[in-house]
Amino acid sequence: MNIEPITGGYLNVTVEGVPQRIYVEQAGQGRPVLCLHTAGADTRQWRHLMNDAGVTAEHRLIAFDMPWHGKSLPPEGFQTQEYLLTTQTYMATVLAVLDGLGLDRPILAGCSMGGRIALQLAARHADRFSGFIAIEASDFQPAWYDIDWFDRPDAHGGEMGAALVSANISPYAPERERWNTLWMFMQSGPGVFRGDLSFYTQDDSLIGLLGAIDTGRTPVHLIVGAYDLTCTPEDASRTAAAIPGATLAVMDELGHFPMSEHPAGFRPFFLDALGRMPAARASAA
Amino acid sequence: MLDIFRDIQSRLEDSPHLRRLGRLFSETILIEVDGAEHYLTFDRGRLVQIVPGPSRRTPWRFALRTDAEALHAFWQPRPAPGFHDIFGLVKIGRGRIDGDILCLVRNLRFFKEIMALPRARTGACA
């Protein structure tokens, strides 16, 4: 048998009054690290780190598929809804998963829109976490594309989304992982990538909050890839500079999906980030 | 530049998966390099005609305008950041895309991969 050490299950929680059945994967033991995927994708982006014994020996990695993504179904009645993620709903979902799993002040690691919400949570709910790793994250990114491209009845939004986000993948990424990364976007449900991008490209509420983040209590470490066209090193640098005490690492050979597109290249940067986080406290779960 | 477009044409003939990707793509597009126009006509995923400009009478669906130095950097096995993608060229101010953008986006993977075909000459990833 060659079975990976990742285990999955379904967590039933209520988010803003709406029942949600959320798919959660876990691997490892020790200091809990809650991992958030990017827009238009799912938990599979984290599978390399969750299979990395050098990471999981001392860390319990937990990742979940946001509602509408991966193996988390959309809520009842979705067929008449327009999916548009908001900062409030996103934060409420992360906190509901925290409560549902009984996690006590985990490290929060998020990429892209997951990094954005990690910074929002650092500003608004820092007491629920021990530290923040914000990957390909910035204060605000207006779209350089039309988000409506990705939700059309006359074209395949997943194929168009994948073709667009390939612009953010480094030429150093192994071909296999480049295409595995793109496959998740190709599989994304209709309108989901657009709904995520609505949050990511239109909500600028974080800008005024960055200066209030207390990195003395909860450290914030940003990581950004040089090949990321969406959140460039300049965007991440601007964001880090606005957070007193935040640190930043630039990855010269990586892009917007580092843990997924080039896991070997990302590994040392993630281990470095974990090393910057506070020592573990006992976890309730 | 004509040689490179003919190379793309030849490589496309040898790439059945790309022709399948482009099987619904029958359009003329404009590639402008340092102000020199090149009209590329596709028929169901095949590049059937390469006509140098200038021309005011040739209708085109969308255009990519850039410079030879940027394309040279784009066609390196591992391009520098910004030169690794056509949208990167736009982002760093070395390219412009106009015309029917929705047509481009609906055929984006096909267009991006045929434009990257010259990278294969050095055995690089597309």
Side-chain angles (χ1 to χ4, degrees), chain A residues 136 141-179 181-183 185-186 193-194 224-236 250-256 261-262 265, chain B residues 17-18 20-25 27 45 61-62 64 66 70 72-126:
Chain A
E136 316 306 323
Q141 299 293 152
W144 50 276
Y145 40 80
D146 182 347
I147 69 171
D148 289 338
W149 288 343
F150 309 110
D151 183 24
R152 302 176 56 88
D154 62 345
H156 193 289
E159 291 204 50
M160 294 190 292
L164 181 84
V165 302
S166 69
N168 289 317
I169 295 181
S170 163
Y172 290 86
E175 281 293 277
R176 174 178 174 176
E177 301 311 338
R178 164 188 295 272
W179 285 101
T181 299
L182 294 174
W183 179 251
F185 287 86
M186 294 174 181
F193 189 35
R194 171 181 176 267
V224 67
Y227 283 93
D228 189 344
L229 294 180
T230 296
C231 172
T232 65
E234 291 72 25
D235 295 322
V250 178
M251 305 176 288
D252 291 338
E253 298 184 356
L254 283 88
H256 190 72
E261 71 181 54
H262 194 345
Chain B
H17 76 284
L18 288 182
R20 195 172 68 81
L21 267 180
R23 66 194 180 279
L24 300 179
F25 189 70
E27 303 284 356
R61 183 61 66 184
F62 57 83
L64 170 65
T66 182
H72 179 73
F74 175 82
W75 284 323
Q76 292 304 301
R78 281 179 170 157
F83 293 98
H84 64 290
D85 188 273
I86 57 167
F87 286 123
L89 297 179
V90 174
K91 181 112 183 176
I92 63 173
R94 297 294 292 273
R96 191 156 59 88
I97 293 171
D98 50 41
D100 185 346
I101 305 300
L102 185 58
C103 177
L104 166 64
V105 173
R106 288 166 69 147
N107 296 280
L108 187 55
R109 182 179 164 194
F110 175 71
F111 181 65
K112 286 172 68 163
E113 292 196 20
I114 61 160
M115 283 302 294
L117 279 171
R119 286 181 194 158
R121 293 194 297 186
T122 49
C125 52

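Treat the numbers as computed from the prediction; the structure is a model and nothing was measured. Chain letters run A, B, ... following the sequence lines, proteins first, then strands; residues in each count from 1.
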Give the member of B:Ile92, B:Asn107, B:Leu108 that has the highest number of heavy-atom pairs under 4.5 Å with chain A.
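When all of B:Ile92, B:Asn107, B:Leu108 are compared, B:Leu108 has the most.
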Tell me every residue that passes salt bridge (charged side-chain N to carboxylate O under 4.0 Å, His left out) with A:Asp146, counting only those two or more places apart in sequence or in another chain.
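Counting only residues at least two positions away or on another chain, A:Asp146 forms no salt bridge (charged side-chain N to carboxylate O under 4.0 Å, His left out).
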For A:Glu159, check salt bridge (charged side-chain N to carboxylate O under 4.0 Å, His left out) against everything at least two apart and list the hits.
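A:Glu159 satisfies salt bridge (charged side-chain N to carboxylate O under 4.0 Å, His left out) with no residue once adjacent residues are dropped.
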Select one option (side chain, backbone, both, neither) describing which atoms of A:Ala155 are under 4.5 Å from chain B's heavy atoms.
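Looking at A:Ala155, just its side chain touches chain B.
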Which heavy atom in [X] sits nearest to a heavy atom in [Y], and how many Å separate them?
X	Y	result
A:Ala226	B:Pro81	O-CB, 3.3 Å
A:Ser166	B:Lys112	OG-NZ, 2.8 Å
A:Pro171	B:Pro79	CG-O, 3.8 Å
B:Lys91	A:Leu229	NZ-O, 2.8 Å

Does B:Arg23, at its CZ atom, have more than 12 non-hydrogen atoms belonging to other residues, nucleotides or ligands within less than 6.0 Å?
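Yes, CZ of B:Arg23 has more than 12 neighbouring heavy atoms, counting only those of other groups under 6.0 Å.
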Over 12 non-hydrogen atoms of neighbours within 6.0 angstrom of CH2 in A:Trp183:
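Atom CH2 in A:Trp183 is not crowded, with 12 or fewer foreign heavy atoms closer than 6.0 Å.
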Whether B:His84 side chain and A:Ser170 backbone form a donor-acceptor pair below 3.5 Å
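No; judged by distance alone, with no hydrogens or angles, the pair does not exist.
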Proximal to chain A - members of residues 98-106 of chain B, heavy-atom separation under 4.5 Å
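B:Ile101, B:Leu102, B:Val105, B:Arg106, listed by number.
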Using the test side-chain hydrogen bond (donor to acceptor under 3.5 Å, both in side chains), find all partners of A:His256 that sit at least two apart in sequence or belong to another chain.
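Partners of A:His256 by the side-chain hydrogen bond (donor to acceptor under 3.5 Å, both in side chains) criterion, ordered by chain and then number, come out as A:Ser112, A:Asp228.
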Would you give the length of the straight line joining atom CZ of B:Phe87 to atom OH of A:Tyr145, rounded to the nearest 0.5 angstrom?
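Output value for this atom pair is 11.0 Å.
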Between B:Arg109 and A:Leu182, is a side-chain contact (heavy atoms from CB on, under 4.5 Å) present by the stated rule, with each step listed?
CA-CA 11 Å; B:Arg109 182 179 164 194; A:Leu182 294 174; over 6 Å; no
